[in-house]
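Heads up: the structure comes next, in structure tokens.
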Amino acid sequence: MSNNEQRDQQHVPAPQQQTPEPRREFAKKGALAVIGATFSGAARAVVARLLEGDS
């Protein structure tokens with residue numbers, strides 16, 4: 001095996017390592033959106049309950 005063939009084989013895995021990054025970013029953004037919506041919904045429920053209790 002020549003040096004050029006060895007270099008070619010070493011560079012093959014590099015693109016495969018970069019592919020999961022967009023998926024991770026998408027998953028992080030999705031998780032943050034779910035968490036944000038949960039807290040937002042909880043805050044709305046608390047406010048609604050407080051307003052119902054005062055009337």
Side-chain angles (χ1 to χ4, degrees):
M1 188 177 289
S2 69
N3 287 338
N4 288 339
E5 289 176 7
Q6 288 176 352
R7 282 188 212 137
D8 290 343
Q9 288 180 353
Q10 289 174 356
H11 291 291
V12 170
Q16 293 174 352
Q17 291 173 355
Q18 293 174 357
T19 52
E21 289 303 318
R23 291 180 186 170
R24 286 184 187 168
E25 291 299 318
F26 181 75
K28 286 180 187 177
K29 289 178 182 178
L32 289 175
V34 169
I35 291 170
T38 301
F39 283 121
S40 178
R44 286 186 202 144
V46 168
V47 170
R49 192 166 293 234
L50 290 174
L51 292 175
E52 289 174 2
D54 289 343
S55 51

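Heads up: numbering here begins at 1 and tracks the sequence. Only this structure's heavy atoms are used, side chains among them; waters, hydrogens and symmetry mates stay out.
Take K29 and apply the salt bridge (charged side-chain N to carboxylate O under 4.0 Å, His left out) test, not counting sequence neighbours, and it matches no residue.
Side-chain contacts under 4.5 Å among hydrophobic residues (ILVMFWY), followed directly or transitively, place I35 together with F39. Apart from V34 itself, the hydrophobic cluster it occupies contains nothing, where clustering links Ile, Leu, Val, Met, Phe, Trp and Tyr at side-chain heavy-atom distances under 4.5 Å.
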